[in-house]
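Data first, discussion second: the structure below is written as structure tokens.
Lettering of chains follows the sequences in order, A, B, ..., and the numbering in each one begins at 1.
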Amino acid sequence: MKFQAIKGTRDFYPETMRLRNYIIDTWRRVSLRNGFEEYDAPILENLSLFTVKSGEEIAEQLFSFTDRGGRNIAMRPELTPSLARMVGAKINALPRPIKWFAVPRLFRAERPQRGRLREFFQWNIDIVGEESIQADAECIYTLIDFLREVKLTPADIQIHIGLRPAVSAMLTQYGVAEEAMDKAFLALDKKPKIPAEAFETMMTDLGLSAEQIQNITTFMDCPSEQAIQQLASIEGIDEHAENLQRLWDILTTMGVADYIRFDFHIVRGLAYYTGVVYEALAAGERAVAGGGRYDNLLQLVGGPAAGATGFGMGDVVLGILLDEKGKLPADLQSPSLDIFVIDAGENTAEAMLTLVGTLRERGLACDYSFKRAGVGKQLKEANRRGARSVVLIEQADLDAPDSLSIKTFATGSQTSMTQSEFLSSLG
RNA sequence: GUGGCUGUAGCUCAGUUGGUUAGAGCACCUGGUUGUGGUCCAGGGGGUCGGGGGUUCGAAUCCCCUCAGCCACCCCA
């Protein structure tokens, strides 16, 4: 074979396309029922839209090219800068609240590995212009609503919620210098995955004493149930602590608290998060979803001075998780047709085409065999094609008594009727 | 960018210490069961053994290079 798909990209044959559609259709359905509106932006953007936010080094991690006019063009690695651009252009004309979702196709020039490809789809949920924790709660609720929809239980996956300003204040209170803050966050992020000694070494390297490290460790390892009370020991974050309590109350009232836990290890890489941060984590997998509040980001990328909060969920890790947990719907295994029409009589080929046309016009997924074969062969094809029922045409005159036989595969039952009786039975 | 593992049919794999025309199951296609599907039976197509070079009388098998895939690290928007 001379050509193959580009590294890190996927061919979607019908079988895998059904999976992709299932995921995206579910994202869309859940978004809409939670009151979000869909938007999208171009796949191609100016390279500088991304470098202004993340620095020049980001250019190494995305696909870009120079067009014939000498402009630097990037294939978008994320959607948020485009969102900022779009919102910024019409900020005063947009009806509030701005609850938007998108399912962009994204590209990143990274080396592929489990759960990470170079081309993928990502569900984005964002609320712009609402500063209150209610907006964060709404996003997290929508995330959980999706998890429930795809049958992932609290035993399968948990949303770990952190609070970046509180952790920052805690680290300062326990002796971490301002210039060491980024490295301290990185250490906290890694802490659950590395040995305790390795974490202590990292913190010692930041100039912390054993006692300071112990204070930090004790704070971090606090159980979720005591996380909010514990915040009282940190100075200057009363407002954040109240927000976290409010978040808990909202999600409890809405009946999804069993999906969440507080976990201050969650700090999420880049520094632009300004409030709650969270990741949907399943055992043994990288994060299925991640997000938080980013009140300064829109302005940073040239957008309006408006607060925002939201999350992203990639299709790759999600697909792996659904597969391994056995949560993929069984009907993804085969194609589906409402009705397969079988030419079963003498000179009924033309009547078959007539009926197929009528059924399709009524909006039914309907097909027939290209081959003029025996009834057995046609039934075999109907079964292979995933038809729920078949209509056997017994007589060329579709209005004659018993001209049609209707057979339902699931039950094996079969009854005879005329075309008009059949059509009215469809409702 | 760094490191490890793996490449035989569309998929999962077998292939004896290097030895004749490289096999199986599944999938696919055709036919049969003589007007009723899933089962079953028979047959068929499909591989320059990832590619290139080398050793040898002879290489899927041994050596070198290369490409690809997977996994981990870095990073994670």
Sugar-phosphate, base or nothing in reach of A:K193, heavy atoms under 4.0 Å: nothing
Minimum-distance nucleotide to A:K190 side chain [options: B:G35, B:C75, B:C76]: B:C75
Euclidean distance, atom CZ of residue A:R385 to atom P of B:U36 [Å, nearest integer]: 22 Å
Watson-Crick or G-U wobble mate for B:U21, both contacts under 3.5 Å: none
Sugar-phosphate only, base, or nothing, as touched by A:E110 at under 4.0 Å among non-hydrogen atoms: base
Ring-ring centroid check A:Y368 A:F340, cutoff 6.0 Å: no
Residue A:K371, side-chain heavy atoms: nucleotide from B:G37, B:U30, B:C71 that is nearest: B:U30
Closest-nucleotide ordering on RNA chain B, the 5'-leading residue of A:K7 and A:T80: A:K7
Distance between C1' atoms of B:G58 and B:G18 (Å, rounded): 8 Å
Sugar-phosphate only, base, or nothing, as touched by A:A382 at under 4.0 Å among non-hydrogen atoms: nothing
Test item: side-chain donor near acceptor, A:E394 and A:S405, under 3.5 Å: yes
Inter-nucleotide P distance (B:G10, B:U48), Å rounded: 8 Å
Strand partner of B:A68, provided both Watson-Crick or wobble distances fall under 3.5 Å: B:U6
Between B:C75 (P) and A:L186 (CG): distance, integer Å: 6 Å
Pairwise C1' distance for B:G37 and B:G44, with rounding to whole Å: 23 Å
Sugar-phosphate, base or nothing in reach of A:R384, heavy atoms under 4.0 Å: sugar-phosphate
N/O donor-acceptor pair, side chain A:Q414 with base B:U36, under 3.5 angstrom: yes
Per A:L379 side chain, nearest of listed nucleotides B:C76, B:A72, B:G37: B:G37
Nearest-angstrom distance, P atom, B:G43 to B:A9: 24 Å
Touch class at under 4.0 angstrom, heavy-atom based, for A:G312 against every strand present: nothing
A:R164 to A:F185, cation-pi by 6.0 Å centre distance and 45° axis angle: yes
Phosphate contact (B:A77 OP1 or OP2) by A:R268 side-chain N/O below 4.0 Å: yes
Sugar-phosphate, base or nothing in reach of A:L79, heavy atoms under 4.0 Å: nothing
G-U wobble or Watson-Crick pairing nucleotide for B:U36 (cut-off 3.5 Å, both distances): none
Residue closer to the 5' end of RNA chain B, A:R286 versus A:R111 (nearest nucleotide): A:R111
For B:G1, the Watson-Crick or wobble counterpart (both distances under 3.5 Å): B:C73
Atom-pair distance (CD on A:E60; C1' on B:A77), nearest Å: 16 Å
Base-pairing assignment for B:A42 (Watson-Crick or G-U wobble, both under 3.5 Å): B:U30
Evaluation steps, side chain to side chain donor-acceptor pair (under 3.5 Å), between A:W123 and A:S31: CA-CA 9 Å; A:W123 181 33; A:S31 300; 2.8 Å; yes
A:D11 CG - B:C11 C1' separation (whole Å): 16 Å
Given B:C74, B:A77, B:G31, the nucleotide with the shortest approach to the side chain of A:Q113: B:C74
Parallel, tilted or perpendicular: rings of A:Y294 and A:Y272 (30°, 60°): perpendicular
Phosphate OP1/OP2 of B:G38 contacted by A:K380 side-chain N/O (<4.0 Å): yes
A:E285 CD - B:C71 C1' separation (whole Å): 13 Å
Inter-nucleotide C1' distance (B:G53, B:C74), Å rounded: 35 Å
Distance, C1' atom - from B:A60 to B:U8, rounded to whole angstrom: 7 Å
Rounded C1' spacing from B:C64 to B:U17 in Å: 23 Å
Sidechain-backbone polar pair: A:R388 side chain, A:T408 backbone, donor-acceptor under 3.5 Å: no
Between B:U20 and B:C26 - P atom distance, rounded Å: 27 Å
Test: A:R28 and A:E38 ion pair at under 4.0 Å: yes
Between B:C75 (C1') and A:R118 (CZ): distance, integer Å: 14 Å
Between C1' of B:A77 and CZ of A:F63, the distance in whole Å: 15 Å
Touch class at under 4.0 angstrom, heavy-atom based, for A:I58 against every strand present: base
Value in whole Å for how far the C1' atom of B:A77 lies from OH of A:Y294: 11 Å
A:D315 and A:R10 ion-paired at < 4.0 Å: yes
Sugar-phosphate only, base, or nothing, as touched by A:E394 at under 4.0 Å among non-hydrogen atoms: base
